[in-house]
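Everything on this sheet refers to the single structure shown next.
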Amino acid sequence: MPHIDVGNDAPGIIGLMRFRPETADPLNDLADALLRAPGPLSRGERELIASYVSHGNGCAFCTGGHSEVAARELEGGMPTVRRVLDDHDFSGFPAKTGALLTIAGLVREGGRKVTEESVAAARKAGATDVEIHDTVLIAAAFCMYNRYVDGLAASSPTDPSSFAQMADRVVAHGYANGPGARRA
């Protein structure tokens, strides 16, 4: 049961954005910048980082939605995503992706958990400073998004097809024009 009455039955962050629409555009713009804008990491890698952090934080809504988007963007689809989330198995990805996911997991635990050694390992695996930066920022932002959703006990769909429908819209339109956007 949600902690507050948001006045709508939209799930997760979507319902929260409808409750406080003045925050929807900045939050969606940030998600678009982090996950959809051109950058050195693929959209699939960035969505996987968001999903991995969300799963580690126990945020069912964000895990479900970002896992669906990652599955559409990554070779191997949902089985690949589930292998990373459930087993922390980064095989099948370049060493760089595994090293960046490791950093994302450390950020999830606390920013100071990221060490010189974890950064050096990512660099040795081929990660650039921009990729390390973006990984840390995505992980930090998703800790915020997860805590926003779960801190207000926002509802989460129980039907996996709900996440598939949200992912379809995000893949087609991004977050700024996606399911929680005011502009949409």
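One is the number of the first residue; the rest follow in order along the sequence. Just so you know, these numbers use all the heavy atoms, side chains as well, and skip hydrogens, waters and symmetry mates.
By the side-chain hydrogen bond (donor to acceptor under 3.5 Å, both in side chains) test, E117 is found to be paired with T115, residues two or more places apart in sequence or in another chain being considered. Qualifying side chain to side chain contact (heavy atoms under 4.5 Å, CB included) partners for D168, counting only residues two or more places apart in sequence or in other chains: R72. Scanning for side chain to side chain contact (heavy atoms under 4.5 Å, CB included) contacts around A95 gives A125, with sequence neighbours left out. Residues passing the salt bridge (Lys or Arg N to Asp or Glu O under 4.0 Å) test with D86, sequence neighbours excluded: R82. For T158, there are no side chain to side chain contact (heavy atoms under 4.5 Å, CB included) partners two or more places apart in sequence or in a different chain. Every side chain to side chain contact (heavy atoms under 4.5 Å, CB included) that A71 has, sequence neighbours left out, goes to M78, V81. Residues passing the side-chain hydrogen bond (donor to acceptor under 3.5 Å, both in side chains) test with D87: none are found, sequence neighbours excluded.
Identified under the side chain to side chain donor-acceptor pair (under 3.5 Å) test for residues 123-132, with sequence neighbours left out: K96-E131, R123-D129, T128-E131. Residue pairs satisfying the salt bridge (Lys or Arg N to Asp or Glu O under 4.0 Å) criterion with at least one member in residues 104-115, sequence neighbours excluded, are absent. Applying the ring-ring contact (aromatic ring centres under 6.0 Å, His included) rule to pairs touching residues 108-140 yields nothing, sequence neighbours excluded.
Of all heavy-atom pairs between V149 and G12, the closest is CG1-CA, 4.3 Å.
Rounding to the nearest 0.5 Å places OG of S118 at 5.0 Å from CD1 of I103. M17 CE to L27 CG: the interatomic distance, rounded to the nearest 0.5 Å, is 4.5 Å. Residue I13 holds its CD1 atom at 12.0 Å from OG of S156, rounded to the nearest 0.5 Å.
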For residues 49-56, run the donor-acceptor check on the side chains, cut-off 3.5 Å, and write out each pair with its distance to 0.1 Å, sequence neighbours left out.
{"residue": "S51", "atom": "OG", "partner": "S67", "partner atom": "OG", "Å": "2.5"}
{"residue": "Y52", "atom": "OH", "partner": "H88", "partner atom": "ND1", "Å": "3.1"}
{"residue": "S54", "atom": "OG", "partner": "A50", "partner atom": "O", "Å": "2.8"}
{"residue": "S54", "atom": "OG", "partner": "N146", "partner atom": "ND2", "Å": "2.9"}
{"residue": "H55", "atom": "NE2", "partner": "L85", "partner atom": "O", "Å": "3.3"}

Which donor-acceptor pairs under 3.5 Å do side chains of residues 38-47 form with protein atoms, sequence neighbours excluded?
{"residue": "S42", "atom": "OG", "partner": "G44", "partner atom": "N", "Å": "3.4"}
{"residue": "S42", "atom": "OG", "partner": "E45", "partner atom": "N", "Å": "2.9"}
{"residue": "S42", "atom": "OG", "partner": "E45", "partner atom": "OE1", "Å": "3.4"}
{"residue": "R43", "atom": "NE", "partner": "R36", "partner atom": "O", "Å": "3.1"}
{"residue": "R43", "atom": "NH2", "partner": "R36", "partner atom": "O", "Å": "3.0"}
{"residue": "E45", "atom": "OE1", "partner": "S42", "partner atom": "N", "Å": "2.8"}
{"residue": "E45", "atom": "OE2", "partner": "T97", "partner atom": "OG1", "Å": "2.9"}
{"residue": "R46", "atom": "NE", "partner": "L41", "partner atom": "O", "Å": "3.1"}
{"residue": "R46", "atom": "NE", "partner": "S42", "partner atom": "O", "Å": "3.3"}
{"residue": "R46", "atom": "NH1", "partner": "L34", "partner atom": "O", "Å": "3.4"}
{"residue": "R46", "atom": "NH1", "partner": "A37", "partner atom": "O", "Å": "2.6"}
{"residue": "R46", "atom": "NH2", "partner": "A37", "partner atom": "O", "Å": "3.0"}
{"residue": "R46", "atom": "NH2", "partner": "L41", "partner atom": "O", "Å": "3.4"}
{"residue": "E47", "atom": "OE1", "partner": "H66", "partner atom": "ND1", "Å": "2.7"}
{"residue": "E47", "atom": "OE1", "partner": "Y175", "partner atom": "OH", "Å": "3.1"}
{"residue": "E47", "atom": "OE2", "partner": "Y175", "partner atom": "OH", "Å": "2.7"}

Original post:
Run the side chain to side chain contact (heavy atoms under 4.5 Å, CB included) check on D150 and F61 step by step: do they pass?
Top reply: CA-CA 9 Å; D150 288 343; F61 180 80; 6.0 Å; no
**OP:** Check the pair L48 / L101 against side chain to side chain contact (heavy atoms under 4.5 Å, CB included), numbers first and verdict last.
**Re:** CA-CA 8 Å; L48 186 61; L101 286 166; 4.0 Å; yes
**OP:** Test side chain to side chain contact (heavy atoms under 4.5 Å, CB included) on M166 and V69 and set out the steps.
**Re:** CA-CA 9 Å; M166 286 184 260; V69 178; over 6 Å; no
**OP:** Test side chain to side chain contact (heavy atoms under 4.5 Å, CB included) on V6 and L16 and set out the steps.
**Re:** CA-CA 7 Å; V6 297; L16 300 175; 3.8 Å; yes
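When atom types are taken as modelled, the side chain of N57 and the backbone of C59 share no donor-acceptor pair closer than 3.5 angstrom. Side-chain atoms of R83 come within 3.5 Å of backbone atoms of S91 as a donor-acceptor pair (strictly under, hydrogens ignored). The closest donor-acceptor contact from the side chain of D32 to the backbone of A176 lies under 3.5 Å.
Close placement of the Y145 and F142 rings is indicated, their centers lying within 6.0 Å of each other.
When side chains are defined from C-beta on, S155 counts as touching P11, because their heavy atoms get closer than 4.5 Å.
Under the 4.5 Å side-chain heavy-atom criterion for Ile, Leu, Val, Met, Phe, Trp and Tyr, V130 and L35 are members of distinct hydrophobic clusters.
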